[in-house]
J.: 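Here it is: the structure, laid out below.
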Amino acid sequence: MTPAIDINRTLYLTEQLISRPSVTPDDSGCQALLSERLAPLGFICETIESGPADYRVTNLWAKRTGTGMGPSNKTLVFAGHTDVVPTGPIEQWKSPPFNPTHLDGKLFGRGAADMKTSIAAFVVAVEEFLAATPEPALSIALLLTSDEEGPANDGTVIVCDWLQTRGEKLDFCIVGEPTSIEKSGDMIKNGRRGTLSGKLTVKGIQGHIAYPHLARNPIHELAPALADLVCREWDKGNEFFPPTTWQVSNIHGGTGASNVIPGTVVVDFNFRFSTESTAEQLQSGVKAILDKYQLDYDLKWTLGGMPFLTTPGTLVDVVQAAILAETGLQTQLSTTGGTSDGRFIAQICPEVIELGPPNATIHKIDEHVCVAEMEPLKNIYKRVIASFGHDSVVICMNVIELIEGCAQQLEAAGVAYGHGTHNAFDEAAWLVLWKLHFPLDELDAVKDHVVTDSMQRDAKTLIQARIDTRKPAAYLTQEAWLQGIPFYVDERAIVPRSFIAEIICAGTIDYWLGEHTHRVLDLCTGNGSLAVIAAGTYPDIVVDAADISIDALAVARINLSKHGLGGRISLIESDGMMETPGPYDLILCNPPYVCSSSMDALPQEYQAEPEIALAGGPDGMDFVRALLAMAPERMNPNAVLVLEIGNERGHFEAAFPTLEAIWLETSAGEDQVLLLTREALMA
């Protein structure tokens, strides 16, 4: 079989492996084929044979030592098995099980899913990685056996003992088990439950069923203990494992005659146990229950495998990031299913996960894998290798960890807040979520999502720009949110943050409004946000949005278009109220009110905004004086003026000592925004 020039190399190698009928324990030349490909890449390939003459197992340890020195020179191992389960009735297959066959975009053959595709994908990933990075610091190894689908006494466990004896250090291991459900990478196994089996023989005295006083029925004596074993809670499990379970797999007692009390009853049972229990604890627990009922028994144990767990950390993060980058999938961690050779490797390697193609057809007639799943799997493996193959590994993290790190960066840099957020964490969350295209108001829903190294770089670049430029975050993103509504903004207009928006949405001023309220003025509109919020809150009104700045009105025009309100909001260039027609039923105004001493002390973030939108003269009341003098003639009889003066209440009351103002409650207290009736202004 000669590959075409443009053939999918992963597919071709998978076909070569499937064509070798490697039913346990026969490797059928698979490992020799792989050694031929690995040796030219610098791998030292060692074959370890084990087992009796009639059950000879072939194992392969192939390692290429990295050239780097120091902590970055880690060893990444791919573990797998070249053996497959028996085919079952060959006549029921659509095609011969060891003749790789294509049908409807699928590759059929025994071992296609479990696990010759994984092996081929990893080998090709290594080849491509080394072609691009000939001298990586990373050491790469493959551990393959032909005794995984059988008793597993002479396979991976033997190699692990051998490696431990000669002092080999393993850092990370990927087992190529088919873990996925629908798409390669949608699920990985970060652990497996342990398996502990027992054969319990309870002894009685055989006798005639008509003379029970002369016999002792072991089944009857076992019954209460059996009920106790069934009902016992062995542990509660944990975040990654379900509770440990105890199950009877077989029970047998009696001679076959209906009139004989048996002399023994034999129970076969099994624990599938979590990391919350040890084999010794489970054995002691069973013995305690049997002794409690004073049974005469023999009990033999078989420990099939210890549980193992790799908690989220370096390997899990790197693999999740590779899957996300290649497929866009947020992979699910799981510890379900049976045992795997990961249980042996976990004894000598601190971080072990399993990752392979979809597993729907493993061990079945017509086992197959979708050809479209092969290249993504190979690319995921290659991304993982590349992550570890750099001079230093980029440790991936989740969204909340990235935000916390960025918040520390902002805090250390001493940036100022107040343009939509009031602390480093909220500012970092806003910038990170915006940059990663996550919903800005759903942090809890995305906080555990893994972010790749490129996503980290993008977010950190934006954070650094926030620090270096000292511009408000809204200018960097050109987006500001007010009362859950997004607005466009740039340096031509002040960043919207008025408490008047809060008052409108909360209905605080509704008492002073009514059927007479039709015409509204948003004075000093800036980017038009208050006009948009007012028009959205009160559907029967029309709004004039006025500002002295032509640039600010250009930004406001963008927001009118963005929210489809160009027909209900008119933009007016006006110095104060000079060009506003009136009369109005409601005037909203967030004017320039910062006094001169405060202007001089403003942080750089505020100095990045148009000064004309902030500076209010020596006491901050220059614009307000002109406004209050002209407002009554532009107001209908029942009209009200809602005015924001921020932290300048003292200056306001000093400037207008006799004016009867109604101070409105906001989230910042009752001294930020006030309401004036036309009657009060004319008094």
Side-chain angles (χ1 to χ4, degrees), residues 66 68 70-74 76 125 128-129 132-133 136-138 171-172 185 188 312-331 351 353 376 379-415 417 419-421 423-440 442-443 445-479 605:
S72 64
N73 188 7
K74 303 289 188 179
L76 171 66
E128 293 182 359
F129 168 71
T133 313
L138 180 69
D171 298 289
F172 311 106
I188 64 175
T314 302
L315 180 59
V316 169
D317 287 349
V318 167
V319 171
Q320 286 183 315
I323 292 168
L324 179 64
E326 180 63 30
T327 68
L329 296 172
Q330 292 284 349
T331 192
E351 297 188 48
I353 65 99
N379 290 337
I380 291 168
Y381 288 151
K382 186 166 68 172
R383 287 177 183 273
V384 172
I385 299 169
S387 292
F388 287 112
H390 294 148
D391 289 336
S392 61
V393 177
V394 178
I395 304 301
C396 298
M397 58 182 67
N398 58 29
V399 169
I400 193 67
E401 290 168 336
L402 177 59
I403 290 172
E404 289 170 346
C406 290
Q408 293 175 3
Q409 194 176 350
L410 291 172
E411 193 70 30
V415 303
Y417 312 105
H419 293 86
T421 66
N423 56 70
F425 181 86
D426 289 348
E427 185 93 347
W430 178 12
L431 289 169
V432 169
L433 293 175
W434 180 86
K435 188 62 180 179
L436 301 187
H437 306 291
F438 287 125
L440 299 182
E442 294 184 16
L443 176 56
V446 302
K447 63 184 177 66
D448 295 322
H449 285 209
V450 172
V451 289
T452 65
D453 55 343
S454 63
M455 295 165 73
Q456 290 179 53
R457 286 194 299 271
D458 290 345
K460 289 179 179 179
T461 298
L462 181 60
I463 294 292
Q464 194 60 50
R466 172 71 175 87
I467 293 170
D468 292 343
T469 66
R470 286 305 201 264
K471 291 181 179 180
Y475 285 162
L476 300 177
T477 64
Q478 295 192 324
E479 183 175 88
E605 283 81 356

J.: Considering non-hydrogen atoms only, spot the tightest contact between Ala413 and Ile467 and give its length.
T.: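 Looking at all heavy atoms of both residues, the shortest contact is CB-CG2, 3.6 Å.
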J.: Closest heavy-atom contact between Leu476 and Leu462?
T.: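 For Leu476 versus Leu462, the nearest heavy atoms are CB-CD1, 4.0 Å.
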J.: Do Val399 and Leu433 make a side-chain contact, defined as non-hydrogen atoms from C-beta onward lying under 4.5 Å apart?
T.: yes
J.: Quick one: pull up NZ in Lys447 and CD in Glu404 and give me the separation to the nearest 0.5 Å.
T.: 10.0 Å
J.: Kindly state whether the ring of His419 and the ring of Tyr475 have centres lying under 6.0 angstrom apart.
T.: no
J.: Spell out, as yes or no, whether a donor-acceptor pair under 3.5 Å connects the side chain of Gln408 to the backbone of Gly405.
T.: no
J.: Quick check: closest heavy atoms across Ala424 and Ala407, and the distance to 0.1 Å?
T.: CB-O, 3.5 Å
J.: Measure the spacing between CG of Leu410 and OG1 of Thr421 and express it to the nearest 0.5 Å.
T.: 9.0 Å
J.: Measure the spacing between OG1 of Thr461 and NZ of Lys435 and express it to the nearest 0.5 Å.
T.: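 Between Thr461 OG1 and Lys435 NZ, I get 7.5 Å after rounding to 0.5 Å.
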J.: Give the minimum heavy-atom separation between Ala459 and Val432, together with the two atoms involved.
T.: CB-CG2, 4.2 Å
J.: With the side chain counted from C-beta on, respond yes when Leu440 and Glu479 share a heavy-atom pair under 4.5 Å apart, and no when they do not.
T.: yes
J.: Does Thr331 use its side chain to pair, donor to acceptor, with the backbone of Gln320 at less than 3.5 Å?
T.: no
J.: Out of curiosity, Phe388 CZ to Thr314 OG1, how far, rounded to the nearest 0.5 Å?
T.: 6.5 Å
J.: Calculate, to the nearest 0.5 Å, the distance between atoms CD and CG belonging to Glu411 and Asn423 respectively.
T.: 8.5 Å
J.: Are Glu605 and Arg466 ion-paired here, with the side-chain N under 4.0 Å from a carboxylate O?
T.: yes
J.: For residues Ala322 and Val384, report the shortest heavy-atom separation together with the two atoms involved.
T.: CB-CG2, 3.7 Å
J.: Does Glu351 use its side chain to pair, donor to acceptor, with the backbone of Leu315 at less than 3.5 Å?
T.: yes
J.: Taking all non-hydrogen atoms of both residues into account, name the closest pair between Asp171 and Lys74 and its distance.
T.: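 Closest pair (atom of Asp171, atom of Lys74, distance): OD2-CA, 3.4 Å.
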J.: Do Ile188 and Ile323 have side-chain heavy atoms sitting under 4.5 Å apart?
T.: yes
J.: Can you tell me how far apart CG (Leu436) and CG (Leu431) are? Round to the nearest 0.5 Å.
T.: 10.5 Å
J.: Check whether any side-chain heavy atom of Leu443 lies under 4.5 Å from a side-chain heavy atom of Ile400, and answer yes or no.
T.: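 When only atoms from C-beta onward are counted, Ile400 and Leu443 do touch, with a gap below 4.5 Å.
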J.: I want to check something: taking the side chain as every heavy atom from C-beta on, are Leu402 and Lys460 in contact at a cut-off of under 4.5 Å?
T.: yes
